[in-house]
Amino acid sequence: MTYFNLFSNILATKGSTRILISDLQRNTSELYPLELYEIIVELKSHSIEDMMRNYDAESQEIIQEYLNLLLEKEYGFISKNDWDRNFPPLSYEYYEPSTITHIFIELEEISVLNTIKSSIENLGIKHLVIYYLKALTAQELIEIDETFKTSVLSGIEIFSPFHRDVDLSFIQVIQQNTVRIYSLIFYNCPQSPFKAKNEFRFSLRFLKDELQLSACGKVELKYFNTNISKVLEAINHNSCLYKKIGIDKNGTIKNCPLMAESFGNIHISNLEEAIHQPGFKKYWDLTKDYIETCKDCEFRYVCTDCRAYTEGNEKNKADLDISKPLKCGYNPYTGEWKDWTKNPLKKKRFNSLALK
C-alpha cells in the first residue's frame, strides 16, 4: 500500500470557494480549487489504492492529476506502508516569551522615549515603531537609536516627513551611527533624492503621498505574510493586537493608536499598569476563525486583522466586535476583490470612525 504524506510545513486553509496552500518554509502561498482540500483530507486517512477504489475512472484520473501536482510542487511525498510514521506533524502552538512584543507610538517630542524606556525593558518589547509628526534631523535619528543602544529592543522602525536635507550623505550618516534602526520611511516626498538600493543595513523607502495613521488596516494581497511565525500567531491569536501596545500623540495608551478605548496616559502612569487594566487584553485571542466573513476566507491566516476599522455590525457574547475589517474588499463567497472605498456604506462608516 502507498500513502501520500503532506509535508509538515505545508498548511492547507479551506475557504468558502477555494483553498490556500501555504509553504511555511518557503514563505509562499498559492490558491487552488476547493475539491483539492477534500482530496488532501481523504489522503490523510486512506492509502492511495483504497481511495482510488471509491471513485470511477474519470474521477480517478482527476485525483491522479492532483497527486502529480502535489508532488511537483513538493507539498508532500509518497511512502509505503507505515514508513510515514517517522514524520510527526508540525505543532501549531505559538509561544512568545515577551509580555509585549511591539509598541507603536505617535511621537511629537523625542524626550517622550525616555519616559517609556524603562517600561520597554521591563516588558521585554522587541520592536518599536515610531510615527513622527515632524521632520527629523540626522542627529535626532541618531539620538533615538542611542536611547536604546543597550536595550532589549531588536529594532526600530521610523516613519518621518521628508525634508530637503535628506540626501545620500544624510542616510550614510545614519548608517554609520545607528545600530537599532532597521527601517526608515520618509513620506510626503515629491521625488526620491536618490535611487535607494540594498546598500544600507536598514531598509529605506521614500513615499510620495502624505502618510496618515488612518491609512492603516488595509487588506490587500501585497500585505499578506506567509512567514511561519506570523501564520502561527494568526492561528492562535489576533494577528494585529496580540501583545501589542500603542501610544497616540497625546500620550494616551491604547491597544492601537487608532482605537477609541484608552488604558491610561504615559504622563501619569506607565505601560506596566496599562496592560493590567480590565479589557486591555480582550482582543488578544480573537482569531480570524471567530470573525464574521473572515472565518470563511482562505486568506485568514496570512492576513492581518484590524479592530480599529471594522464594519461594526457584529458582536459576540463577550461584547467583542467580531465584524469584518472595514478596509477589506474581498468576498470569500465569490472569490472576487472590489475596491472597498467605492462601497458607500463602508465609506460612510470610515468617515464616522475617522471623526472620533
Side-chain angles (χ1 to χ4, degrees), residues 27 96 98 100-213 215-216 218 222-230 243-249 257 266 271 304:
N27 297 348
E96 170 51 59
S98 296
I100 298 291
T101 59
H102 291 68
I103 179 170
F104 187 105
I105 180 167
E106 191 179 11
L107 203 60
E108 285 188 322
E109 298 296 335
I110 294 177
S111 58
V112 173
L113 296 176
N114 288 313
T115 304
I116 63 171
K117 182 179 177 180
S118 62
S119 293
I120 286 177
E121 302 303 310
N122 294 336
L123 298 173
I125 297 176
K126 294 181 178 180
H127 300 282
L128 168 62
V129 181
I130 297 172
Y131 178 78
Y132 211 78
L133 301 175
K134 297 182 290 187
L136 284 165
T137 65
Q139 186 54 45
E140 286 172 328
L141 284 165
I142 294 170
E143 183 181 338
I144 291 173
D145 193 273
E146 184 70 24
T147 301
F148 301 99
K149 187 175 182 179
T150 59
S151 173
V152 297
L153 276 177
S154 296
I156 305 170
E157 182 173 29
I158 300 176
F159 294 80
S160 174
F162 177 80
H163 54 93
R164 62 183 181 180
D165 291 337
V166 179
D167 55 17
L168 181 57
S169 61
F170 181 100
I171 300 300
Q172 287 172 337
V173 169
I174 306 305
Q175 165 84 356
Q176 295 165 5
N177 294 278
T178 61
V179 294
R180 287 285 186 274
I181 294 174
Y182 70 89
S183 176
L184 271 178
I185 299 97
F186 292 97
Y187 60 91
N188 200 17
C189 175
Q191 185 176 354
S192 298
F194 60 92
K195 189 173 182 180
K197 300 178 181 179
N198 296 324
E199 57 191 291
F200 304 110
R201 176 185 47 75
F202 45 79
S203 66
L204 177 66
R205 285 187 290 162
F206 297 100
L207 305 180
K208 184 176 181 179
D209 298 330
E210 175 73 25
L211 188 63
Q212 300 290 337
L213 281 185
C216 188
K218 293 179 181 177
K222 63 182 179 180
Y223 298 131
F224 289 173
N225 193 335
T226 313
N227 176 280
I228 186 171
S229 179
K230 295 303 296 180
K243 295 199 173 186
K244 311 295 194 303
I245 196 166
I247 302 172
D248 70 12
K249 61 182 179 181
I266 58 169
L271 302 183
T304 299

* To do: Please round to the nearest 0.5 Å and tell me the distance separating atom NE2 of H163 and atom SG of C189.
  => 10.5 Å
* Out of curiosity, I142 CD1 to I181 CD1, how far, rounded to the nearest 0.5 Å? -> 8.5 Å
* Asked: Hey, does I266 have a side-chain heavy atom less than 4.5 Å from the side chain of L271?
  -> yes
* Asked: Which atoms form the tightest heavy-atom contact between F170 and L136, and what is the distance?
  -> CZ-O, 3.7 Å
* **Side-chain touch T101/K244, heavy atoms, less than 4.5 angstrom** => yes
* Does atom CD of E199 have more than 12 heavy-atom neighbours, drawn from other residues, nucleotides or ligands, at distances under 6.0 Å? -> yes
* **Closest non-hydrogen atom pair between E157 and S183, with its separation** => OE2-OG, 3.2 Å
* To do: List the steps and the verdict of side chain to side chain contact (heavy atoms under 4.5 Å, CB included) for L107 and L113.
  => CA-CA 9 Å; L107 203 60; L113 296 176; 4.0 Å; yes
* Structure fact -> Correct closest heavy-atom pair for G246 and P257 would be CA-CD, 3.9 Å
* Asked: Which atom names give the shortest non-hydrogen contact between E210 and Y187, and what distance separates them?
  -> OE2-CE1, 3.7 Å
* Given V152 and I125, is the side chain to side chain contact (heavy atoms under 4.5 Å, CB included) satisfied, shown in steps? -> CA-CA 7 Å; V152 297; I125 297 176; 5.6 Å; no
* To do: Enter the distance from Y132:OH to L141:CG here, rounded to the nearest 0.5 Å.
  => 9.5 Å
* Asked: Do L184 and F200 have side-chain heavy atoms sitting under 4.5 Å apart?
  -> no
* Distance (rounded to the nearest 0.5 Å) between L211 CG and N188 CG -> 9.5 Å
* Asked: Parallel, tilted or perpendicular: which describes the rings of F104 and Y131, with under 30° parallel and over 60° perpendicular?
  -> parallel
* With side chain to side chain contact (heavy atoms under 4.5 Å, CB included) as the test, would you mind laying out the steps for N225 and T304 before giving the verdict? => CA-CA 8 Å; N225 193 335; T304 299; over 6 Å; no
* Asked: Measuring from H102:NE2 to I245:CD1, what's the distance to the nearest 0.5 Å?
  -> 13.5 Å
* Sub-4.5 Å side-chain heavy-atom contact between I144 and I158 -> yes
* In Å, rounded to the nearest 0.5 Å, how long is the span from CD of E109 to CG of N114? -> 12.0 Å
* To do: Write down the atom of I174, the atom of R201, and the distance for their closest heavy-atom approach.
  => O-NH2, 4.3 Å
* **Pair R180-T147, side-chain donor/acceptor within less than 3.5 Å** => no
* **Non-hydrogen side-chain atoms of D165 and T137 separated by less than 4.5 Å** => no
* Are Q139 and V173 close enough that some pair of their side-chain heavy atoms sits under 4.5 Å apart? -> no
* To do: May I ask you to decide if the ring planes of F206 and F162 are parallel, tilted or perpendicular, using 30° and 60° as cut-offs?
  => perpendicular
* Asked: Side chain of E106, backbone of K249: donor and acceptor closer than 3.5 Å?
  -> yes
* To do: Would you check if F186 and P161 make a side-chain contact, meaning some heavy-atom pair closer than 4.5 Å?
  => no
* Asked: Do E96 and K126 meet the salt-bridge criterion of a basic N to acidic O distance under 4.0 Å?
  -> yes
* **L153 side chain near I120 side chain, heavy-atom distance below 4.5 Å** => yes
* Structure fact -> Note: F194 and D167 closest approach over all heavy atoms is CE2-C, 3.5 Å
